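Before any comments, here is the structure.
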Amino acid sequence: MMSFDFSADEIFEMAEQIERNGAKFYRTSADGVKEASSRELLMNLAAMEDEHEKTFAAMRSDLTGKEKTAPTFDPENEALLYLKALADSRVFVERQVPDLNAMADRSDDEIMQAVLSFAIGAEKESIVFYLGMKDAVPENQGKRRLDAIIKEEMGHIRLLSNRLVSIGR
């Protein structure tokens with residue numbers, strides 16, 4: 001079994017992909033609801049994901065040259081491909097997304113409950129992803145910067161949970 005050490009640059013690139021996946025999920029979900037307020041909420045969540053992607057891109061651009069360098073020789077970029085596969089397969093995966101077409105006869109509240117419940121799970125998975133990758137990034141490769149990503153995702157969960165509770169009232 002091959003072991004990889006990942007640079008902070010590679011982790012931030014995956015964080016950007018996770019945020020892109022999330023924005024796409026929220027935009028697709030917005031297309032599946034009828035009420036303007038639900039669409040607006042989902043589009044706002046998509047915009048937040050876009051902003052987080054920009055935040056992570058900015059954090060990535062602030063990395064030092066040493067932090068951008070992978071700690072092991074990897075001419076085939078296997079470590080980066082592994083991280084990409086993890087990000088694409090674990091967080092905001094299309095095959096796991098609620099089937100909004102099958103829910104077309106349900107109320108927007110029911111649809112939103114399914115969407116928000118799914119989103120909370122996906123955000124939790126992203127935190128697990130980042131915590132796991134934190135162990136793979138050596139201390140001198142920008143490991144401490146991953147804490148900022150985790151904090152951002154925790155904020156998403158709080159927002160989504162509050163919205164979910166408000167729908168249930």
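FYI, the numbering just counts along the sequence from 1. Keep in mind that this is a model prediction, so the values were computed, not measured.
Contact check for Lys124 versus Ile120: side-chain heavy atoms found under the 4.5 Å cut-off. Val33 has its side chain out of reach of Val115: every pair of non-hydrogen atoms, C-beta onward, lies at least 4.5 Å apart. Using a 4.5 Å heavy-atom threshold, the side chains of Asn21 and Glu49 count as separate. Counting only heavy atoms from C-beta outward, the side chains of Lys24 and Arg20 never approach each other to under 4.5 Å.
Contact detail for Met112 and Leu42: the closest heavy-atom pair is SD-CD1, 3.6 Å. Considering all non-hydrogen atoms of both residues, Ala119 and Tyr26 come closest at CB-OH, 3.1 Å. Among all heavy-atom pairs drawn from Ala47 and Arg27, the shortest one is N-NH2, 4.4 Å. Heavy atoms only, all atoms of each residue included: Met59 and Ala148 are closest at CE-CB, 3.2 Å. Shown here for Ile111 and Met103, the closest heavy-atom pair between the two residues is CD1-O, 3.6 Å. Minimum heavy-atom separation, Ala57 to Glu16: CA-OE2, 3.5 Å.
A distance of 11.0 Å separates CZ in Arg106 from NZ in Lys34, rounded to the nearest 0.5 Å. For the atom pair CD1 (Ile150) and CD (Glu152), the distance works out to 11.5 Å, reported to the nearest 0.5 Å. Once rounded to the nearest 0.5 Å, the distance linking CZ of Arg158 with CG of Asn162 reads 9.0 Å. Summarising the geometry, atom CE belonging to Met48 is positioned 11.0 Å from atom CG belonging to Asp50; distances are rounded to the nearest 0.5 Å. Rounding to the nearest 0.5 angstrom, the gap separating the OG atom in Ser38 from the CD1 atom in Ile167 is 6.5 Å. Ile149 contributes atom CD1, which lies 10.5 Å from atom NE2 of His52 (distance to the nearest 0.5 angstrom).
No continuous path of hydrophobic side-chain contacts links Met43 to Leu116 [ILVMFWY only; heavy atoms under 4.5 Å]. Following chains of ILVMFWY side-chain contacts shorter than 4.5 Å, one can reach Ile18 starting from Met154, so the two form part of one hydrophobic cluster. Under a hydrophobic clustering in which Ile, Leu, Val, Met, Phe, Trp and Tyr are joined whenever their side-chain heavy atoms come within less than 4.5 Å, directly or via other members, Phe56 and Leu131 fall into the same cluster. Note: the hydrophobic cluster containing Phe118 also contains Leu159 (ILVMFWY, side chain heavy atoms under 4.5 Å, direct or indirect links).
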Inset, instruction - Go through the steps for His156 and Glu153 under the test side chain to side chain donor-acceptor pair (under 3.5 Å), then give the verdict. - result: CA-CA 5 Å; His156 282 175; Glu153 298 306 331; 3.1 Å; yes

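For Arg39, the CZ atom counts as densely surrounded, since its 6.0 Å shell holds more than 12 non-hydrogen atoms of other residues, nucleotides or ligands.
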